[in-house]
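See structure below.
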Amino acid sequence: MLRLSQLFLRTLRDDPADAEVPSHKLLVRAGYIRRAAPGGYTWLPLGWEVHRNIERVVREEMNGIGAQEVHFPALLPREPYEATNRWDDYGDTLFRLKDRRGADFLLGPTHEEMFTLLVRDLYSSYKDLPVSLYQIQTKYRDEARPRAGLLRGREFTMKDSYSFDLDDDGLATSYLAHRNAYIRIFDRLGIPYVVVSAMSGAMGGSKSEEFLAECEVGEDTFVRCGSCNYAANTEAVRVRVAPSTHDNIPAAHVVDTPSTPTIDTLVDCLKSLGVTAPHGGEWTGADTLKNVVVMVKNPDGSRTPLAVGVPGDREVDMKRLEAQLSPAEVEPFGEADFAAFPALVKGYIGPDVLGAEKAAGVRYLLDTRITDGSAWVTGANVSGKHVVNLVFGRDFTSDGTIEAAEVRAGDSCPECGAPMRIDRGIEIGHVFQLGRKYAEALDLKVLDKNGKQQVVTMGSYGIGVSRAVAVVAETSHDELGLCWPREIAPADVHVVSTGKGNDEITSFSDHVALSLEQRGLKVLFDDRIGVSPGVKFKDAELLGMPTIVIVGKGLAEGKVEVRDRKSGERTDVDAASVIDHIVDVCRAL
RNA sequence: CGGGGAAUGGCGCAGUUUGGUAGCGCGCCUGCUUUGGGAGCAGGAGGCCGGGGGUUCAAGUCCCCCUUCCCCGACCA
């Protein structure tokens with residue numbers, strides 16, 4: 001039993017000034033966590049209880065699909081990560097350090113290499129497969145911007161698991177088992193979530209899905225189709241493009257468009273020129289081809305320019321662009337960069353000079369909406385001039401396509417064409433099929449039935465455990481405080497005694513708390529003497545146990561009050577039957 | 001890493017303009033009163049005013065550098 005008179009806890013009346021999002025404010029105010037370092041939090045008794053409860057749910061479901069728990073060091077040697085190139089590819093996000101002899105180490109951001117090597121060490125036959133291993137580990141990432149308390153820290157707890165199979169069918173089966181386990185886990189945690197198609201990012205690999213908690217403060221944006229089941233992270237959206245309807249476009253020609261460095265000014269100018277648009281209607285930004293130049297920063301530190309062409313009514317989504325170019329990063333093209341590439345006329349950049357073989361020597365990739373035969377207005381590479389009726393395939397080419405244009409609400413679903421919604425979420429889980437990238441890099445092979453060496457195929461699956469604590473707080477609270485789902489609450493029931501220490505109320509509340517514990521419930525007992533009832537009620541609401549029992553003035557009429565934290569519903573129960581009643585309530589779900 | 005704001009007791013804040021004894025509310029300790037919605041009175045404890053360097057007789061306050069935090073843009077469990 002947790003007695004508030006003894007518990008290491010101090011609740012705060014005011015929100016901490018450095019917290020912005022509700023989960024951060026409430027977890028600090030309620031005495032669950034305490035900031036200890038930039039991006040690092042101390043877990044206080046109640047917070048750690050929630051953390052362990054989430055771990056328990058995760059373990060049960062992982063064990064349920066036959067995965068086996070192991071535990072690696074967080075402090076890892078450089079070599080395995082060198083072999084897979086991630087020592088460099090992970091960039092500044094990787095915590096690197098040296099030992100006293102100058103040897104390189106890192107704090108593990110994720111453990112694909114170590115698991116792969118472990119299996120290689122011990123297993124060498126197809127008879128050993130499939131096998132799935134997992135750990136619940138402290139992970140380290142030197143985030144550029146830790147924020148929102150637990151939601152994005154530099155040290156966090158993650159459950160990561162890895163499946164090892166002989167062939168693609170086996171991988172598909174392991175992947176599905178994990179996916180289903182994740183569904184059960186997040187259902188039990190009471191987190192509202194969506195499963196979306198995702199990029200595999202720096203991990204490499206093929207099929208990949210994310211579990212996103214639907215949440216306004218989320219950092220991910222995703223689309224969802226209103227009529228079919230399609231859902232995807234915007235980074236991973238693959239646009240469905242209608243073929244060009246343009247036909248018999250007259251020859252391209254240059255027009256004078258003075259002072260038109262932006263799409264808006266260009267459209268206004270085109271309207272005033274009296275030139276007709278290829279589709280016969282009024283000119284819009286969608287008729288223009290905007291060429292945006294960026295600097296691509298490669299993992300080895302080198303920088304190469306890249307031009308991206310998108311319809312003028314859309315921005316280039318830097319997140320989507322970077323996801324396509326991963327592990328390289330994208331930087332804005334600065335004034336100094338323009339000076340170094342004089343062929344690029346800012347505001348009037350056109351395909352004439354773009355392309356690896358052309359004047360500017362800049363690689364040129366086009367959005368998939370620039371289809372064969374489509375006609376565009378675009379820069380003429382001379383200040384104040386644009387080209388009209390430039391047809392892709394006829395008048396210009398590119399070095400390839402790229403999905404970097406922004407995604408908007410109302411864009412059509414790649415599966416069924418219906419308009420899509422756009423929402424925000426927090427990534428709480430990620431499952432993906434790694435394939436053979438790591439097994440090849442680290443030489444993980446087993447002998448098959450025919451005695452031949454086969455490269456093993458792998459899956460990798462993560463759940464942010466510490467993040468899940470914050471996500472539950474974020475998705476389950478009200479203006480009074482936290483509301484934990486019973487499965488992970490620090491206690492089933494919060495017993496409030498308003499007694500003065502030496503009266504019937506005190507002795508009966510004692511009896512209630514002890515009896516409930518004997519019946520197998522986890523009890524948080526506010527047995528503090530000399531604390532006013534108002535304070536105890538406020539604390540009970542802030543702390544967020546699912547059931548609150550108040551032994552107080554009602555006892556004079558033989559009644560005890562039982563409240564449901566989430567609904568606020570209050571019931572007066574006969575003191576004689578209150579134990580059974582509460583046990584029933586707590587076991588009901 | 002760019003732009004904006006901030007750092008004063010456990011928490012929230014004033015004081016900085018105009019340099020001159022470090023304050024308020026909450027919390028904490030003691031005593032008395034109080035006890036169903038963050039009680040009252042009285043008395044206390046607790047501060048290298050984020051760090052370093054300057055200017056000055058004198059710096060929380062002025063100047064320079066650094067660190068950290070929050071928000072907005074580029075990364076992920």
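So that the names make sense, note that chain A is the first sequence line, chain B the second, and so on, each numbered from 1.
The base of B/G38 sits with one of its N or O atoms less than 3.5 Å from a complementary donor or acceptor on the side chain of A/Asp539. A donor-acceptor contact under 3.5 Å is formed by the side chain of A/Asp220 with the base of B/C76. Contact annotation: side chain of A/Arg35 to base of B/G10, donor-acceptor pair absent below 3.5 Å. Contact of A/Arg570 with B/G36 (side chain to base): no donor-acceptor pair of N or O atoms is detected under 3.5 Å.
Using modelled atom types, one finds no donor on one side chain facing an acceptor on the other under 3.5 Å when comparing A/Ser132 with A/Ser163. With 3.5 Å as the limit, one finds a donor-acceptor pair spanning the side chains of A/Glu427 and A/His430. Side-chain atoms of A/Asn291 and A/Tyr364 include a donor-acceptor pair closer than 3.5 Å. Using modelled atom types, one finds no donor on one side chain facing an acceptor on the other under 3.5 Å when comparing A/Ser497 with A/Asp527. Between A/Tyr41 and A/Glu155, the side chains place no donor N or O within less than 3.5 Å of an acceptor N or O (distance only, hydrogens not considered). A side-chain donor from one of A/Thr84 and A/Glu113 sits under 3.5 Å from a side-chain acceptor of the other.
When each of A/Thr93 and A/Asp15 is assigned the nucleotide of RNA chain B bearing its nearest heavy atom, the one mapping closer to the 5' terminus is A/Asp15. Both A/Gly462 and A/Glu561 lie near RNA chain B, and the one whose nearest nucleotide falls closer to the 5' end is A/Glu561.
Nearest to the side-chain atoms of A/Arg10 among the listed nucleotides B/G27, B/C76, B/G38 stands B/G27. Closest to the side chain of A/Asp18, out of B/G37, B/A77, B/C70, is B/C70. You'll find that the side chain of A/Thr498 is closest to B/G36, out of B/C76, B/G36, B/G38.
Centre separation under 5.5 Å together with a plane angle under 30° does not hold for the ring of A/Phe537 and the six-membered base ring of B/G38, so they are not marked as stacked.
For B/U67, the paired base is B/A7 (Watson-Crick or G-U wobble, both distances below 3.5 Å). Pairing for B/G73 is with B/C1, a Watson-Crick or G-U wobble pair whose two hydrogen-bonding atom distances lie under 3.5 Å. Remark: B/G47 base-pairs with no nucleotide; criterion is Watson-Crick or G-U wobble with both hydrogen-bond distances under 3.5 Å. The base-pairing partner of B/U61, taking Watson-Crick or G-U wobble contacts with both distances under 3.5 Å, does not exist among the strands shown. Searching all strands for a Watson-Crick or G-U wobble partner of B/U56 with both distances below 3.5 Å returns nothing. Under the Watson-Crick or G-U wobble criterion, with both distances below 3.5 Å, B/U18 is left unpaired in every strand shown. Under the Watson-Crick and G-U wobble criteria, each requiring two contacts below 3.5 Å, nucleotide B/U35 is left unpaired.
The aromatic ring centroids of A/Tyr162 and A/Tyr438 lie 6.0 Å or more from each other. The distance between the ring centers of A/Phe508 and A/His511 falls below 6.0 angstrom.
Rounded to a whole angstrom, the distance from the P atom of B/G36 to that of B/G10 is 33 Å. When the C1' atom is compared between B/A45 and B/G27, the two are found 13 Å apart, to the nearest whole Å. The same atom, C1', is picked in B/U68 and in B/C32; the two are 45 Å apart, to the nearest Å. The separation of B/G60 from B/U21, taken at their P atoms, amounts to 10 Å, rounded to a whole angstrom. Taking atom P in both B/C13 and B/C70, one finds a spacing of 14 Å when rounded to whole Å. The same atom, C1', is picked in B/C69 and in B/G23; the two are 24 Å apart, to the nearest Å. With both ends at atom P, the span from B/A59 to B/A14 equals 24 Å, rounded to whole Å. Between B/C66 and B/C26, the distance separating the two P atoms is 40 Å to the nearest Å.
In this structure, the CD atom of A/Glu55 is 19 Å from the P atom of B/A77, given to the nearest Å. Counting to the nearest Å, the P atom of B/A77 and the CZ atom of A/Arg141 are 5 Å from each other. The CG-C1' distance, from A/Leu543 to B/G38, rounds to 13 Å in whole Å. If you take CD of A/Glu143 and P of B/A77, they are 9 Å apart, rounded to a whole angstrom. To the nearest angstrom, C1' of B/G73 lies 14 Å from CZ of A/Arg152. One atom, CZ of A/Phe432, and another, P of B/C76, lie 10 Å apart when rounded to the nearest Å. B/A77 atom C1' lies 10 Å from atom NZ of A/Lys139, rounded to whole Å. Look at CG on A/Asp14: it is 12 Å from C1' on B/G10, rounded to the nearest Å.
Within 4.0 Å of A/Asp160, counting heavy atoms only, lies no atom of the nucleic acid at all. Counting any heavy atom pair closer than 4.0 Å across all strands shown, A/Arg29 reaches a base atom. Within 4.0 Å of A/Gly554, counting heavy atoms only, lies at least one base atom of the nucleic acid. Base contact: A/Ile550 has a heavy atom under 4.0 Å from a base atom. When heavy atoms are screened at a 4.0 angstrom cut-off, A/Gly153 is found touching base atoms of the nucleic acid.
The shortest distance between the side-chain N/O atoms of A/Arg13 and the OP1/OP2 oxygens of B/G27 is below 4.0 Å. Here A/Ser532 reaches the OP1 or OP2 of B/A39: one of its side-chain N or O atoms lies under 4.0 Å away. Listed pair A/Arg34 / B/C11 meets the phosphate criterion, a side-chain N or O lying under 4.0 Å from OP1 or OP2.
Residues passing the salt bridge (charged side-chain N to carboxylate O under 4.0 Å, His left out) test with A/Glu504, sequence neighbours excluded: none.
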